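Quick notes on the structure that follows.
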Amino acid sequence: MIDLRLLRENPDLVRSSQRARGEPEGPVDALLAADSRRREAGARFDRLRAEQKDVGRSVAKASGAERDGLLERAKELAAEVKAAEAERDAAADEADRLVLELSNVVDPEAPVGGEDDFVVLAEVGSPRDFAAEGFEPRDHVELGRLLGAIDVERGAKVSGSRFYYLTGVGALLELALVQLAIDQAVGAGFVPMIPPALVNPPAMEGTGFLGQAAENVYRLEADDMYLVGTAEVPLAAYHMDEILDAERLPLRYAGFSPCFRREAGSHGKDTRGIFRVHWFDKVEMFSYCRPEDSFAEHRRLLAWEQEFFAKLELPYRVIDVATGDLGSSAARKFDCEAWIPTQRRYRELTSTSNCTQYQSRRLAIRMRDAEGVRPLATLNGTLCAVPRTIVALLENHQQADGSVRVPAALQPYLGGCPLLASRVP
RNA sequence: GGAGGCGUCGCCUAGUCCGGUCUAUGGCGCCGCACUGCUAAUGCGGUUGGGGCCCUAAGCCCCUCGAGGGUUCAAAUCCCUCCGCCUCCGCCA
């Protein structure tokens with residue numbers, strides 16, 4: 001959630017942020033009104049409650065007629081306190097509800113606009129010229145079939161559309177990618193984590209996924225639990241309701257977890273293969289740091305993502321996502337998009353967001369330093385989303401005969417194997 | 001799933017039976033000051049978090065004893081519901 005103090009002092013900043021996102025400004029004024037009603041009723045409650053406590057203490061000491069008089073006054077006060085409390089709570093409930101409707105205040109550096117208004121920050125490597133090499137590239141579904149690595153037909157039979165089996169070298173490839181990613185993260189000082197993929201409502205609400213993204217979250221009705229769409233959820237909620245010593249920051253975690261996404265509203269999009277699926281595994285980086293360090297930390301997460309792309313020898317570009325396309329928690333977001341030969345375009349493989357203090361306020365995660373206690377900043381970034389990485393790897397490193405070259409950095413994790421050989425000639 | 005025990009302001013802990021200066025005790029840790037060749041020890045003071053009065057400071061006030069309700073003039077204390085942890089039993093990879 002945003003800082004209420006900031007909202008009171010500079011409501012125009014919040015309004016213009018909402019505008020940049022293409023989100024309504026109405027809640028801003030409704031929230032200001034509810035907040036002011038909450039404070040008025042709260043102050044009234046405080047005064048009455050102080051008097052009530054005072055009279056109550058006198059009752060204990062008094063006796064006889066004096067006591068009866070005090071009791072009468074005490075009863076009146078009890079009723080007035082209750083009324084003021086009810087008013088305060090009603091206003092607070094409304095304010096709480098409204099504040100959750102407001103997205104994070106966007107970073108002024110972020111490009112303003114919609115999905116197509118991103119700015120390209122870098123292009124690294126160059127797409128292969130398959131025509132010059134004399135063959136038409138196969139897509140990952142075909143390559144996966146030739147290698148015996150991906151089985152989408154049986155995925156659909158057993159679980160429905162957008163499900164798959166990784167088989168044989170496909171399964172080995174996932175384990176190798178995950179191990180490569182974890183090794184890199186641990187080498188960079190991250191604490192590796194295997195978090196729960198099923199979380200309770202406070203954890204899911206706190207990370208901000210039950211707002212505009214709610215329709216993409218799987219919920220287990222019988223148990224009132226949620227399946228996480230990313231390890232960001234359990235890694236952010238890990239320190240929920242805690243006050244961290246600023247000396248320990250930054251805290252960096254690398255979580256490996258399954259990710260579940262309903263993909264509502266994306267019917268008909270990326271229906272072929274394993275580019276967009278309901279379930280996949282992912283290694284996610286997560287940082288807790290001082291708010292003033294978050295911008296530098298964001299660049300570091302991006303650099304670690306790029307390091308991983310380099311190891312996989314994939315051509316890609318980095319984009320600065322426009323304000324209208326940010327998640328509600330993010331103030332700024334960078335995506336790394338790999339070149340997908342058969343789609344002839346760049347597609348998102350990783351994404352890193354600076355959530356500033358938005359997420360930590362919702363989750364009540366704070367830090368203590370010389371200046372006192374205040375919310376800290378949280379950031380997240382994908383290190384390796386397995387199926388999309390496999391798609392990029394197969395398509396970019398394929399050979400004319402359907403075999404796939406293994407990048408040098410990945411070979412040790414595949415028993416030194418330099419080539420995934422096609423089983424079907 | 002069943003039975004029992006427990007949950008107090010960083011950690012440990014008193015208080016809960018029997019409601020009222022509990023305005024929550026003490027210890028550890030931490031911070032400041034004093035004393036001291038230095039350190040240690042000792043002494044004194046401070047030390048939950050959130051909110052409001054108000055923009056800051058001082059100061060004052062309210063809330064916070066796992067969470068939420070209830071009873072009462074008054075709840076850490078009594079009642080109800082829920083959550084978590086521990087022990088034992090059952091079941092299970």
Side-chain angles (χ1 to χ4, degrees), chain A residues 1-14 31-100 194-206 220-226 234 237-249 251 258 288 357-358 360-376:
Chain A
M1 67 182 84
I2 62 162
D3 184 2
L4 271 183
R5 194 149 301 198
L6 172 79
L7 176 75
R8 277 178 216 149
E9 287 165 9
N10 199 348
D12 283 337
L13 181 69
V14 180
L31 175 55
L32 282 168
D35 178 55
S36 122
R37 268 187 292 124
R38 180 186 63 79
R39 278 185 296 158
E40 185 280 320
R44 194 145 39 82
F45 168 83
D46 285 357
R47 278 197 309 275
L48 289 165
R49 178 70 179 147
E51 190 182 351
Q52 182 192 30
K53 286 171 68 172
D54 200 45
V55 172
R57 276 190 288 270
S58 311
V59 169
K61 290 183 215 146
S63 57
E66 192 195 355
R67 186 184 158 92
D68 291 343
L70 285 170
L71 266 181
E72 197 171 320
R73 176 67 188 135
K75 280 181 188 173
E76 284 170 22
L77 277 168
E80 289 171 36
V81 164
K82 208 164 193 168
E85 188 179 24
E87 264 184 74
R88 182 198 63 184
D89 290 350
D93 284 350
E94 194 185 344
D96 290 347
R97 184 180 59 75
L98 287 164
V99 77
L100 293 182
I194 299 186
L198 213 47
V199 301
N200 58 25
M204 193 54 94
E205 279 158 16
L220 301 187
E221 177 83 41
D223 301 285
D224 197 15
M225 299 277 282
Y226 297 92
Y238 186 66
H239 288 298
M240 180 162 60
D241 298 320
E242 293 180 22
I243 298 173
L244 305 173
D245 184 349
E247 298 290 310
R248 293 172 61 203
L249 302 176
L251 282 175
Y288 295 86
Q357 292 161 295
Y358 186 85
S360 67
R361 254 189 221 99
R362 298 176 68 131
L363 289 164
I365 305 169
R366 290 157 295 169
M367 59 172 211
R368 190 197 308 275
D369 64 5
E371 289 166 44
V373 173
R374 61 196 161 113
L376 42 67

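None of the values given here were measured: they were computed from a predicted structure. Below, read A as the first sequence line, B as the second, and so on, with proteins coming before strands; counting in each chain starts at 1. All heavy atoms count here, side chains included; hydrogens, waters and symmetry mates do not.
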Can you find a side chain N or O atom of [X] that sits less than 4.0 Å from OP1 or OP2 on [N]?
X        : N     : result
A:Arg368 : B:C31 : no
A:Arg5   : B:U56 : yes
A:Arg44  : B:C62 : no
A:Gln52  : B:A74 : yes
A:Arg57  : B:A74 : no
A:Lys53  : B:C62 : yes

In Watson-Crick or G-U wobble terms, both distances under 3.5 Å, what is the partner of [N]?
N     : answer
B:U71 : none
B:C85 : B:G5
B:C44 : B:G32
B:U56 : none
B:U16 : none
B:U77 : none
B:C92 : none

How many Å lie between [atom1] on [X] and [atom2] on [N], as a whole number?
X        : N     : atom1 : atom2 : result
A:Asp223 : B:C83 : CG    : P     : 12 Å
A:Leu77  : B:U72 : CG    : P     : 16 Å
A:Asp89  : B:C62 : CG    : C1'   : 13 Å
A:Leu4   : B:G50 : CG    : C1'   : 13 Å
A:Asp245 : B:C30 : CG    : C1'   : 11 Å
A:Glu9   : B:C54 : CD    : C1'   : 11 Å
A:Asp241 : B:G10 : CG    : P     : 13 Å
A:Asp224 : B:C83 : CG    : P     : 11 Å

Using the [atom1] atom on both, measure [N] against [M] and round to a whole Å.
N     : M     : atom1 : answer
B:U21 : B:A75 : P     : 11 Å
B:G7  : B:C12 : P     : 12 Å
B:C80 : B:C18 : P     : 14 Å
B:A24 : B:C33 : C1'   : 27 Å
B:U36 : B:U47 : C1'   : 25 Å
B:G49 : B:U8  : C1'   : 14 Å
B:U23 : B:G66 : C1'   : 23 Å
B:C22 : B:C17 : P     : 16 Å

Residue that, paired with A:Leu31, satisfies side-chain contact (heavy atoms from CB on, under 4.5 Å) out of A:Val99, A:Val14, A:Asp96:
A:Val99
Which sits closer to the 5' end of RNA chain B, A:Ala78 or A:Glu51, going by the nucleotide each is nearest to?
A:Glu51
RNA chain B: A:Lys82 or A:Arg49, which has the more 5' nearest nucleotide?
A:Arg49
Backbone N/O of A:Ala203 and side chain of A:Asn200: donor-acceptor pair under 3.5 Å
yes
Side chain of A:Ser360, backbone of A:Leu376: donor and acceptor closer than 3.5 Å?
yes
Nearest-nucleotide pick for A:Ala50, side chain only, options being B:C62, B:G20, B:G50:
B:C62
Of the listed nucleotides (B:G51, B:C73, B:G50), which one gets closest to any side-chain atom of A:Val373?
B:G50
Once you apply a heavy-atom cut-off of 4.0 Å, does A:Arg47 come out as touching a base, just sugar-phosphate, or nothing?
nothing
[X] side chain near [Y] side chain, heavy-atom distance below 4.5 Å:
X        : Y        : answer
A:Phe45  : A:Val81  : yes
A:Glu205 : A:Leu100 : no
A:Glu80  : A:Glu51  : no
A:Arg366 : A:Arg374 : no

Contacts under 3.5 angstrom, residues 1-13 of chain A side chains, donor-acceptor by atom type, not counting sequence neighbours:
unit_1: A:Asp3; atom_1: OD1; unit_2: A:Arg5; atom_2: N; d: 3.1
unit_1: A:Arg8; atom_1: NE; unit_2: A:Asp35; atom_2: OD2; d: 2.7
unit_1: A:Arg8; atom_1: NH2; unit_2: A:Asp35; atom_2: OD1; d: 3.4
unit_1: A:Arg8; atom_1: NH2; unit_2: A:Asp35; atom_2: OD2; d: 3.4
unit_1: A:Asn10; atom_1: OD1; unit_2: A:Leu13; atom_2: N; d: 3.4
unit_1: A:Asp12; atom_1: OD1; unit_2: A:Arg15; atom_2: NH1; d: 2.6

